[in-house]
Asker: 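Okay, here's the structure, questions in a sec.
Hydrogens, waters and symmetry mates play no part in the numbers below; they use all other heavy atoms, side chains included. Chain A is the first sequence line, chain B the second, and so forth, proteins listed ahead of strands; every chain is numbered from 1.
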Protein chains: 2
Amino acid sequence: MGTTQLESVPEPKYWHLKTVLTEALDSEFSVGEILPNERDLAARFGVARATLRQALEQLELEGRLQRRRGVGTTVAPPRVGVAVGAERHQWPGAAGDAWQPVDCASAAPPAAVADLLETDRDEQVHTVRRSRMTHGQPVAAELLYIPDSSVPDLSGIDSPSGAARARAVLRELQHLGLEGQDQSVELGSASAEDAKELDRLPGAPVLVVTTRYYAGGRTAAVSVATYRADTCRLTFGASGHVEIHHDPERRAS
Amino acid sequence: MGTTQLESVPEPKYWHLKTVLTEALDSEFSVGEILPNERDLAARFGVARATLRQALEQLELEGRLQRRRGVGTTVAPPRVGVAVGAERHQWPGAAGDAWQPVDCASAAPPAAVADLLETDRDEQVHTVRRSRMTHGQPVAAELLYIPDSSVPDLSGIDSPSGAARARAVLRELQHLGLEGQDQSVELGSASAEDAKELDRLPGAPVLVVTTRYYAGGRTAAVSVATYRADTCRLTFGASGHVEIHHDPERRAS
DNA sequence: GAGTGGTCTAGACCACGAT
DNA sequence: TCGTGGTCTAGACCACTCT
């Protein structure tokens with residue numbers, strides 16, 4: 001059998017489509033431009049709409065496209081870098097952090113969070129909702145879990161629930177001595193509530209950043225922040241170095 | 001109109017399916033168990049196979065399931081935490097790091113990397129491939145880009161290409177004084193090469209960790225590491241705190 | 001060869017945003 | 001009301017792994 005078997009591994013159509021579209025995006029389209037609709041594109045490439053959508057989905061996952069129901073598909077701007085790793089460690093709610101308190105309630109946290117806090121599964125903790133904006137767009141939604149033991153003096157405060165109470169809880173937190181923190185990042189999909197806050201559909205891919213705050217030899221608070229995976233690049237602090245990324249003198253892209 | 005409009009927002013079928021399956025996984029299945037095949041599952045729930053697959057895809061994205069062609073769908077173990085943030089900064093290839101050199105070549109890096117390195121777009125740099133294993137499974141594939149100027153004494157070494165040369169390049173790197181590093185994490189999809197190394201299909205979701213290494217007042221090396229998003233949770237160093245995660249005395253889950 | 005997940009088709013209807 | 005992307009269907013065939 002002298003047959004050389006090139007192409008014995010035929011590339012899936014949607015994969016090839018993705019390559020072609022990527023090149024087209026690089027050369028023929030500019031940020032914000034809207035693409036032809038899915039039915040036209042599918043016809044142009046001679047594939048079923050579902051196949052085209054498989055390619056578009058991946059491109060959206062990679063942050064190259066943005067699709068909105070009722071509107072169309074547009075070329076996405078480059079991902080924005082959002083600082084996540086704290087160079088100098090500080091409590092959430094400290095002066096100048098990027099978050100805005102939205103609401104506050106008392107509730108039993110998810111089991112995974114209760115384990116981290118070393119509280120009982122059904123023990124209620126302060127649950128603060130915050131949101132983070134960049135360039136006018138929401139980029140992240142956070143749930144902060146704070147056991148009563150971390151803010152003992154709060155009982156004297158009778159703020160109504162809502163943003164005011166959220167601020168009161170955060171203010172109390174600052175009185176604790178922060179000893180350290182650690183973080184983890186994993187892929188998840190947006191819950192219905194997070195999706196609404198992030199202006200995405202439920203199930204949209206998100207980067208879940210879990211932060212443990214240590215004080216008094218234990219875990220004093222836990223934050224679970226979900227970042228839009230399509231638009232965000234999480235940056236972890238330049239260790240002893242200045243950030244030279246957005247210097248207007250260089251970078252002409 | 002006094003009609004209360006509950007259920008005016010009908011949940012998509014695949015979303016409901018996902019919820020049902022999640023609960024079933026939590027209560028009725030154990031890690032490693034194989035699920036019924038997709039055709040049977042779809043029939044059991046009274047939906048088309050494509051709809052069921054949409055639910056399974058999300059569950060796989062969330063690390064709850066693992067699907068392998070020709071084999072079946074199994075219940076995935078909890079994600080493994082892999083340390084990414086360096087508590088003490090050190091060059092790649094330093095004693096005791098988690099990576100294994102695979103290969104080395106000279107090539108022009110992607111434009112984005114060339115920008116970080118501040119080299120010309122077509123300048124060739126040493127390109128070292130490494131892979132990272134955990135518990136016998138591949139979790140990450142890395143490409144390390146090192147300009148000639150960062151390893152000036154390498155010319156005296158005539159290692160053949162391959163793992164031996166990769167080790168030689170890394171050895172030379174250690175002579176430079178490391179001044180700092182910064183990292184970023186974003187969502188991507190596996191290239192054909194990465195996919196093979198990670199034992200996944202091309203396009204599989206990955207967490208892309210880009211690390212810049214600073215020495216001599218400039219970027220001396222850039223690493224682009226792709227981690228399997230389905231199986232990995234990236235952890236960023238406990239700042240001044242011991243890791244108490246896998247203490248066998250506690251945690252009976 | 002049997003059975004699995006992966007790809008693909010050609011339709012249909014729905015929810016949403018703009019007009 | 002119209003056009004968009006989102007959901008869903010009922011098939012078909014392919015690539016892969018196991019036996």
Asker: Below 4.0 angstrom, N of the basic side chain to O of the carboxylate: do B/Asp103 and B/Arg130 qualify?
Answerer: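 Result for this pair is no, no salt bridge flagged.
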
Asker: May I ask you to verify if any side-chain N or O of A/Arg67 is less than 4.0 angstrom from the OP1 or OP2 atom of D/dG6?
Answerer: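 Answer is yes, contact under 4.0 Å.
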
Asker: Is any side-chain heavy atom of B/Thr134 closer than 4.5 Å to a side-chain heavy atom of B/Val82?
Answerer: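 The answer is yes; the side chains approach within 4.5 Å.
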
Asker: Would you jot down, in residue-number order, the residues of residues 52-66 of chain B having a non-hydrogen atom under 4.0 Å from DNA chain C?
Answerer: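 Nucleic-acid contacts, sorted: B/Arg53.
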
Asker: What's the closest nucleotide to the side chain of A/Pro12 if the choices are C/dA12, D/dT9, C/dC8?
Answerer: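 Closest of the options to the side chain of A/Pro12: C/dC8.
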
Asker: Using the side chain to side chain donor-acceptor pair (under 3.5 Å) criterion, which residues pair with B/Asp199? Sequence neighbours excluded.
Answerer: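 With neighbours one apart ignored, the set is empty.
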
Asker: Got a sec? Which of residues 14-25 of chain B come in under 4.0 Å of DNA chain C, heavy atoms?
Answerer: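 Listed by number, there are none.
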
Asker: Heavy atoms only, 4.0 Å cut-off, all strands: where does A/Arg68 land among base, sugar-phosphate and nothing?
Answerer: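 A/Arg68: backbone/sugar contact only, no base atoms under 4.0 Å.
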
Asker: Suppose we screen for side chain to side chain contact (heavy atoms under 4.5 Å, CB included). Which residues come up paired with B/Ala141, at least two apart in sequence or across chains?
Answerer: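 Scan of B/Ala141 (side chain to side chain contact (heavy atoms under 4.5 Å, CB included), adjacent residues dropped) gives B/Arg129, B/Asp194, B/Glu197, B/Leu198, B/Thr226.
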
Asker: With A/Asp122, which residues qualify under side chain to side chain contact (heavy atoms under 4.5 Å, CB included), at least two apart?
Answerer: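 For A/Asp122 the side chain to side chain contact (heavy atoms under 4.5 Å, CB included) partners, ignoring immediate neighbours, are A/Asp120.
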
Asker: Test your reading of the model: is there a side-chain donor-acceptor pair from A/Glu33 to the backbone of A/Ser30, 3.5 Å cut-off?
Answerer: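 Such a contact is found between A/Glu33 side chain and A/Ser30 backbone.
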
Asker: Hey, can you pull the donor-acceptor pairs under 3.5 Å for the side chains in residues 66-78 of chain B, sequence neighbours left out?
Answerer:
{"from": "B/Arg67", "atom 1": "NE", "to": "B/Glu60", "atom 2": "OE1", "distance (Å)": "3.4"}
{"from": "B/Arg67", "atom 1": "NH1", "to": "B/Glu38", "atom 2": "OE2", "distance (Å)": "3.2"}
{"from": "B/Thr74", "atom 1": "OG1", "to": "B/Gln66", "atom 2": "O", "distance (Å)": "3.4"}

Asker: For nucleotides 17-19 of chain D, give me every protein contact, N/O to N/O, under 3.5 Å, one pair per line with atom names.
Answerer:
none

Asker: Looking at residues 192-201 of chain A, who's got a heavy atom less than 4.0 Å off DNA chain C?
Answerer: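 Residues of residues 192-201 of chain A under 4.0 Å from DNA chain C: none.
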
Asker: Can you sort out the partners of B/Ser184 under side chain to side chain contact (heavy atoms under 4.5 Å, CB included), two or more places apart, ordered by chain and number?
Answerer: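 Counting only residues at least two positions away or on another chain, B/Ser184 forms a side chain to side chain contact (heavy atoms under 4.5 Å, CB included) with A/Arg233, A/Thr235, B/Thr210.
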
Asker: Figure out the CZ/P separation between A/Arg49 and C/dG11, and round it to whole Å.
Answerer: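 Distance check: A/Arg49 CZ to C/dG11 P gives 14 Å.
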
Asker: Assess whether a salt bridge exists between A/Asp230 and A/Arg79, defined as any Lys/Arg side-chain N lying under 4.0 Å from an Asp/Glu carboxylate O.
Answerer: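 No, A/Asp230 and A/Arg79 are not salt-bridged.
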
Asker: Do any N or O atoms from the side chain of B/Asp40 and from the backbone of B/Pro36 form a donor-acceptor pair under 3.5 angstrom?
Answerer: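 No, because the side chain of B/Asp40 does not come within donor-acceptor range (under 3.5 Å) of the backbone of B/Pro36.
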
Asker: Indicate the atoms forming the closest heavy-atom contact of B/Ala55 with B/Tyr14, along with that distance.
Answerer: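 Between these two residues, the closest heavy atoms are CB-O, 3.6 Å.
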
Asker: Report yes if a side-chain nitrogen or oxygen of B/Thr51 is closer than 4.0 Å to either non-bridging phosphate oxygen (OP1 or OP2) of D/dT7; otherwise report no.
Answerer: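 Result: no.
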
Asker: Report yes or no: does A/Thr211 contribute a side-chain atom to a donor-acceptor pair with the main-chain N or O of A/Val209 at less than 3.5 Å?
Answerer: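 No, because the side chain of A/Thr211 does not come within donor-acceptor range (under 3.5 Å) of the backbone of A/Val209.
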
Asker: Near DNA chain C, under 4.0 Å by heavy atom, which residues of residues 34-47 of chain B?
Answerer: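 The answer is B/Asn37, B/Glu38, B/Arg39.
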
Asker: Look at the side chain of A/Ser27 and the backbone N and O of A/Glu23, then say whether any donor-acceptor pair between them is shorter than 3.5 Å.
Answerer: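 Confirmed, A/Ser27 side chain pairs with A/Glu23 backbone.
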
Asker: Looking just at side-chain N and O atoms, do A/Tyr227 and A/Arg132 make a donor-acceptor pair shorter than 3.5 Å?
Answerer: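 Indeed, the side chains of A/Tyr227 and A/Arg132 share at least one donor-acceptor pair under 3.5 Å.
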
Asker: Which whole-number value in Å describes the distance from B/Glu11 CD to C/dA15 P?
Answerer: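 In whole Å, C/dA15 P and B/Glu11 CD are 14 Å from each other.
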
Asker: Side chain to side chain donor-acceptor pair (under 3.5 Å) with A/Ser223: which residues, sequence neighbours excluded?
Answerer: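 Side chain to side chain donor-acceptor pair (under 3.5 Å) list for A/Ser223, sorted by chain: A/Glu142.
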
Asker: Tell me every residue that passes side chain to side chain contact (heavy atoms under 4.5 Å, CB included) with B/Ser189, counting only those two or more places apart in sequence or in another chain.
Answerer: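 Residues passing side chain to side chain contact (heavy atoms under 4.5 Å, CB included) with B/Ser189: A/Lys18, A/Gln58, A/Glu62.
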
